[in-house]
Trainee: 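Mind looking over this structure? Questions follow.
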Amino acid sequence: MKLLTKNKTENPYEWIVLPLLSWYQQNARILPWRENVNPYRVWVSEIMLQQTRVDAVISYFNRFMEALPTIQDLADAKEETVLKLWEGLGYYSRARNLKKTAEIICRQYDGRFPTDYHKLLSLPGIGKYTVGSISSIAFGLPRAAVDGNVLRVITRLMENDRDIADEKFRKEIAGQLEEVYPENECSAFTQSLMELGAVICVPNGAPKCEECPLKSGCKAYQNNSWEKYPVKKEKPKRKKVDKTVFLLHYQNEIAVEKGSDTGLLAGLWKLPNVDRKLQIPEIETWLSENGLHGISIQKGKKVKHIFTHIEWHMQCFEIECRERSDVFEWVSADDLEGKIALPTAYRKCLNS
C-alpha cells in the first residue's frame, strides 16, 4: 500500500497501517456519523464526542441531524433551538461555537467547509484534533487526529512515558502518524486508530490485548506494563461549591433566569440560586429581597453535579409563592420540557 508521505528516516509506526486497516474493516462499529459522510456530519459528531461517551452521543446526533440536517439550517437556527437540542450534553460553549462556525462558513465560504488547515483552525471551537478529523475523514487528507484514545494506543505501543498533556509531544505524534497515512485510506486510518483506543485499548480497565491487531509489536503487551501508560500529570482537585437552589412555583409556573455572560454555564437559563448554604430565615429574607413571599418552603434533596474543574453541592428548596416577581421569568412545565435549554445540573434539581 502506498503511503502519501515519506520520511528519510524509518518511521516507528509504518508497520501498524496494514493490520489496523484490516482489523477496522472487519470490526468497525456501526455509528450514525459514519453513514452519509460529509464535513458537516463529521464536524458535529466530533464536537459532540468531546468529553462525552459514544453511546450517549448517538441519540443527540440523530436528533440534531433530524432538526438541522445541513450547515445552512444550523446557521439559520435560533440559538435557543440549538441549545435545546444540546441540552444534557454539557459544555454548552460547544453548541454556541457550532452555530458561530456555521454562520461563518455560510457567510464566508458559501456553506462549504474550507479544506485549508489554518482556515479550519481559525473557526470557533475547532482545534487541531477536530481539524485532523474533518481533514482526514471528510476530505481524505493525511491529517492525524490525536485524541486520548490515540495517545493511549501510541504510548502503550512504545512504552512512552512522556506526559500526554504536553502539546509538543502531541504534535510529534501527529507528525509521525501523518508520515505513514495510506493513500486513499486516510479516513479509515484515522478512524481505525480512534476505534482501537475506544474498544480494545480501553481507557478504564484492562485492555483486550488478545483481540488487538497490534499486539505483536506492542511493548506494553510484551512486558505487561499497560497500567503505566499513558502518563499524565495529576489534575488539580476539583473545587467544591455549596449552592442553595430554589424551585419557585406560582400556580402552574416555575421561575427561571438567564445567567450572566461570563463564567460557568454563561448565558444559559438557570434556576434561581445562591452560592452558599441558606437556612429557612435566610431564605425568607432572600425571597423578600426578590419581591416574593413564600406560602410554603419545603426542603428537597441534596444534589451533586460534577464539572471538569468544579463540583456543585446543591440543596434544593421547593417554594410555593404568593405572587410572581418581575426579577424572574415564569414558565410552564411544557416550556421547560420543549423550549428552554436548562443545564443538567438544574434538571437534577427539578427531579429531586
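In this chain, numbering begins with 1 at the start of the sequence shown. Just the heavy atoms: all of them, side chains too, but no hydrogens, waters or symmetry mates, feed the values below.
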Trainee: If you count every heavy atom of other residues, nucleotides or ligands that lies below 6.0 Å from H313 atom NE2, does the total exceed 12?
Mentor: yes

Trainee: Under a 4.0 Å threshold between the charged nitrogen and the carboxylate oxygen, would E103 count as salt-bridged to K99?
Mentor: yes

Trainee: Give the minimum heavy-atom separation between V44 and F64, together with the two atoms involved.
Mentor: CG1-CD2, 3.9 Å

Trainee: So that I can tick it off, tell me whether K339 and E80 are bridged by a salt bridge, with the cut-off set at under 4.0 angstrom between side-chain N and carboxylate O.
Mentor: no

Trainee: Could you tell me whether K100 atom NZ has more than 12 heavy atoms of other residues or ligands within 6.0 Å of it?
Mentor: no

Trainee: Quick check on the 6.0 Å ring-centre criterion: do W286 and F317 meet it?
Mentor: no

Trainee: Do I126 and E46 have side-chain heavy atoms sitting under 4.5 Å apart?
Mentor: no

Trainee: Flag yes if more than 12 heavy atoms outside E282 fall under 6.0 Å of its CD atom; otherwise flag no.
Mentor: yes

Trainee: Does a salt bridge link K228 with E159, judged by any charged N lying under 4.0 Å from a carboxylate O?
Mentor: no

Trainee: Can K258 be said to sit on top of W269's aromatic six-ring, NZ or CZ under 6.0 Å from centre and within 45° of the ring axis?
Mentor: yes

Trainee: Can you confirm whether E66 is buried at CD, in the sense that more than 12 heavy atoms of other residues, nucleotides or ligands lie under 6.0 Å from that atom?
Mentor: no

Trainee: Look at the side chain of T81 and the backbone N and O of A77, then say whether any donor-acceptor pair between them is shorter than 3.5 Å.
Mentor: no

Trainee: Might you point out which heavy atoms bring V146 and L177 nearest each other, and give the distance in Å?
Mentor: CG2-CD1, 4.4 Å

Trainee: Counting only N and O atoms by type, is there a donor-acceptor contact under 3.5 Å from the side chain of R276 to the main-chain atoms of K243?
Mentor: no

Trainee: When the ring centroid of F307 is compared with that of H305, is the distance short of 6.0 Å?
Mentor: yes

Trainee: Is R143 close enough and on-axis enough to Y117, meaning under 6.0 Å and within 45°, for cation-pi?
Mentor: yes

Trainee: Please name the pair of heavy atoms, one in F328 and one in V256, separated by the smallest distance, quoted to 0.1 Å.
Mentor: CB-O, 3.6 Å

Trainee: Mark yes when over 12 heavy atoms from residues, nucleotides or ligands other than D275 sit less than 6.0 Å from its CG; otherwise mark no.
Mentor: yes

Trainee: Please say whether more than 12 non-hydrogen atoms of neighbouring residues, nucleotides or ligands are located less than 6.0 Å from CG in N252.
Mentor: no

Trainee: Closest heavy-atom contact between G205 and W226?
Mentor: O-CZ3, 3.6 Å

Trainee: Please determine whether the number of non-hydrogen atoms from other residues, nucleotides or ligands lying under 6.0 Å from atom NZ of K270 exceeds 12.
Mentor: yes

Trainee: Can you give me the closest heavy-atom contact between W15 and G217, atom names plus distance?
Mentor: CH2-CA, 3.6 Å

Trainee: Is a donor on one side and an acceptor on the other found under 3.5 Å between the side chain of R94 and the backbone of L89?
Mentor: yes

Trainee: Of all heavy-atom pairs between S135 and L120, which one has the smallest distance, and what is that distance?
Mentor: OG-CD1, 3.8 Å

Trainee: Between W86 and Y91 (judged by ring centroids, cut-off 6.0 Å), do the two rings come close enough to count as a pair?
Mentor: no

Trainee: Between R53 and D55, does any NZ, NE, NH1 or NH2 come within less than 4.0 Å of an OD or OE carboxylate oxygen?
Mentor: yes

